[in-house]
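None of these values were measured; they are calculated from a predicted model. Numbered from 1 within each chain, the chains take letters A, B, ... in sequence-line order. Keep in mind that the numbers below use all heavy atoms, side chains included, and drop hydrogens, waters and symmetry copies.
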There are 2 protein chains.
Amino acid sequence: MTEITGTGDPARSLSLLWRLVEPSPRGRGAEAGLSVDRVVDAAIALADAEGLGALSMRRLAADLGVGAMTLYTYVPAKAELLDLMVDTALGEFPSLYTPAADHWRARLEAVARASWAQYERHPWLLQVAASGRPPLGPGVLTKYELGLRAVDGTGLDEVAMDAVFTLIEGFVAGTARGVVDQVAAEQATGITETEWWEATAPILDRVFDPERFPTVTRVGPVAGEAQQAAYDPRRAFEFGLARLLDGVAVLVDAAP
Amino acid sequence: MTEITGTGDPARSLSLLWRLVEPSPRGRGAEAGLSVDRVVDAAIALADAEGLGALSMRRLAADLGVGAMTLYTYVPAKAELLDLMVDTALGEFPSLYTPAADHWRARLEAVARASWAQYERHPWLLQVAASGRPPLGPGVLTKYELGLRAVDGTGLDEVAMDAVFTLIEGFVAGTARGVVDQVAAEQATGITETEWWEATAPILDRVFDPERFPTVTRVGPVAGEAQQAAYDPRRAFEFGLARLLDGVAVLVDAAP
DNA sequence: GTTCCTTGTCGTACACTGTACGACTAGCCT
DNA sequence: AGGCTAGTCGTACAGTGTACGACAAGGAAC
């Protein structure tokens, strides 16, 4: 279940994200005391607690004690609601980011860990396809600003600064997605990752041909044993982050 | 729209993936000439042509000229069908992988480019959440085998070999997802990425505060201009791959 | 040659989704 | 007091995956 953002008129979306529309308590004026913010907050709470799959317009409306169609007074459609959710959740970045200041590498590592923490808090962020046309609201821009500052003063030009932040951010998101997928699989099946691996490994052993997959035969069991699973996202995060920062360091050292 | 794999009984899934069940042309015996392979091939063709969103059991059945429930004779549920689709599509890896042989770096780069090509051919692969519990069929294992061979003989131990391949593979998938998201957004809205950016940029200019986002003010326009969009996945791929291989090189050089 | 059993086919039904449409009503302005 | 505006929401539509059970066709047994 992936949702798409960046649908809908850019002008309309941006004015929503930056809350350019007045609260306008006219006419019957917010009968149930609702507002865009209350809707968005409830949506985030629901997605946090029960996953993006549980977030339907009817369910959200029920949580807020109104009819389903009432939500459309505050939000043009579900896609825009998701934009707002993403921007709001990503806006928590500064509270999770405590940079060790002096060296770019320490700052960039802190960015990666803060980003990881965000995805742990709001796993549904990873199920919203926002990379192509991000909701350019205050939350997203704040995260982008702090991310760029981490690589500022390294001698890299503007294009490279953007590329480095995007690379780190994409890496974190990709790896965090592994956690989300595992949790989703556990919830869907009632079987933990370790149990699944223990059930799968012996059957697999019997079914596959060591002559055809000699390197897998040598490496697979060692790696599987080390992780107690087919894939351990947390290990992958630590390993990958170190490699990535090493790679960026090569670039920084080459810069004037 | 993300689908989950790894649901369902591991033993049942594995015997499907490795085609351990006999064709069994008994009873009325495959009336319409159907088979697991025909179903899977048709599903892949449909997803390739019209996206994963168009792949419904009813639609797939219609394409094959049978009733919807007939599919459940060949496949236990949609989740298992997706497993089979993933394994089959990933099994095309060898035909796209032409390693430049001698140096690990050239091999690993070829792995990344072949993987990228796979995701370009079958974008829906990225919408199937397979990272947690991959369908361990012949296709997946073949790709894993060739990926591991690329980093074999570098002095890295087994766990590191697995980690490096996983890192590269995750990077490619994450970056390729950017392309998929953009194409999906274009299809959903009828607006191209460049058009969207040209519509968004000027409004954004007016709405946001340069004092609050000084680094974004400096970097954003330069990066945006260079890419003609908020994000250019192909550039990100080239840039990230170079950084990543540099980082791996640091690790390889440190190994005995 | 008749019967039975196995196996493949598939119509119907259920609970669910996002949201267009239009009816209703409560509050403010004139 | 009358009218208008703006928030509320019931109903409806076209779609989803798949459980259930009815049906039919071929092979095996007598």
Side-chain angles (χ1 to χ4, degrees), chain A residues 1-5 7-9 12 21-36 38-39 43 46-47 50-85 127-128 188-189, chain B residues 1-5 7-9 12 21-36 38-39 43 46-47 50-85 127-128 188-189:
Chain A
M1 225 237 357
T2 303
E3 314 277 352
I4 296 180
T5 53
T7 309
D9 177 34
R12 179 104 180 77
V21 277
E22 73 277 20
S24 84
R26 283 190 46 197
R28 223 160 126 212
E31 206 156 81
L34 274 189
S35 65
V36 175
R38 289 239 310 136
V39 170
L46 176 53
E50 304 184 38
L52 198 61
L55 176 66
S56 72
M57 298 303 269
R58 275 176 253 260
R59 171 65 196 278
L60 176 58
D63 283 8
L64 286 163
V66 297
M69 294 314 290
T70 300
L71 299 177
Y72 289 88
T73 307
Y74 300 94
V75 153
K78 199 186 184 187
E80 279 81 358
L81 172 59
L82 288 164
D83 276 354
L84 286 163
M85 291 171 66
Q127 290 169 272
V128 183
T189 61
Chain B
M1 228 236 354
T2 303
E3 314 276 352
I4 296 180
T5 53
T7 309
D9 178 34
R12 178 105 179 76
V21 277
E22 73 277 19
S24 83
R26 284 188 47 197
R28 223 160 122 214
E31 206 156 81
L34 274 188
S35 66
V36 175
R38 289 237 312 135
V39 170
L46 177 54
E50 304 185 37
L52 198 61
L55 177 65
S56 73
M57 299 304 268
R58 276 175 252 258
R59 171 65 197 280
L60 176 58
D63 283 9
L64 286 164
V66 298
M69 294 313 292
T70 300
L71 299 178
Y72 289 88
T73 307
Y74 300 93
V75 153
K78 198 186 184 187
E80 280 80 359
L81 172 59
L82 288 164
D83 276 355
L84 287 162
M85 290 170 67
Q127 291 169 272
V128 183
T189 61

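An OP1 or OP2 oxygen of C:dG8 is reached within less than 4.0 angstrom by no side-chain nitrogen or oxygen of B:T70.
Of the candidate nucleotides D:dT8, D:dT16, C:dG18, D:dT8 has the atom nearest to the side chain of A:T73. Each of C:dC10, D:dG7, C:dG18 was ranked by its minimum atom distance to the side chain of B:V66; first place goes to C:dC10. The nucleotide whose nearest atom lies closest to any side-chain atom of B:A77 is, among D:dT18, C:dT9, C:dC10, D:dT18. Listed nucleotides D:dT11, C:dG18, C:dT9 differ in distance to A:R58; the shortest reach to its side chain belongs to C:dG18. Closest to the side chain of B:M57, from the set C:dT17, C:dT9, D:dT18, is D:dT18. Closest to the side chain of A:M69, from the set C:dT17, C:dA20, D:dT18, is C:dA20.
Atom CZ of B:R58 is separated from atom CE of B:M69 by 9.0 Å, given to the nearest 0.5 angstrom.
Here C:dA20 presents its P atom at 13 Å from CG of A:L71, a figure rounded to the nearest Å. Atom CG of A:L64 is separated from atom P of D:dC9 by 11 Å (rounded to the nearest Å). Whole-Å rounding puts the B:Y72 OH to D:dG17 P distance at 6 Å. Spacing between atom CG of B:L81 and atom P of D:dT16 amounts to 15 Å, rounded to whole angstrom units. Here D:dT16 presents its P atom at 10 Å from CZ of B:R59, a figure rounded to the nearest Å. If you measure from atom CG of A:L52 to atom P of C:dT17, you get 13 Å, rounded to the nearest angstrom. Taking atom CG of residue B:L60 and atom C1' of nucleotide D:dT18, one finds them 14 Å apart after rounding to whole Å. Regarding A:Y74, its OH atom lies at a distance of 18 Å from the P atom of C:dT19, rounded to whole Å.
The side-chain heavy atoms of A:Y72 and A:M57, taken from C-beta on, include a pair separated by under 4.5 Å. By the 4.5 Å heavy-atom criterion applied to side chains, A:L84 and A:V39 are not counted as neighbours. Here the side chains of A:L34 and A:T73 are not in contact, with every heavy-atom distance at 4.5 Å or above.
Nearest-nucleotide positions on DNA chain C place A:S56 closer to the 5' end than the other of A:S56 and A:P76.
Classification of A:R59 and A:E50 as a salt-bridged pair holds, one side-chain N sitting under 4.0 Å from a carboxylate O.
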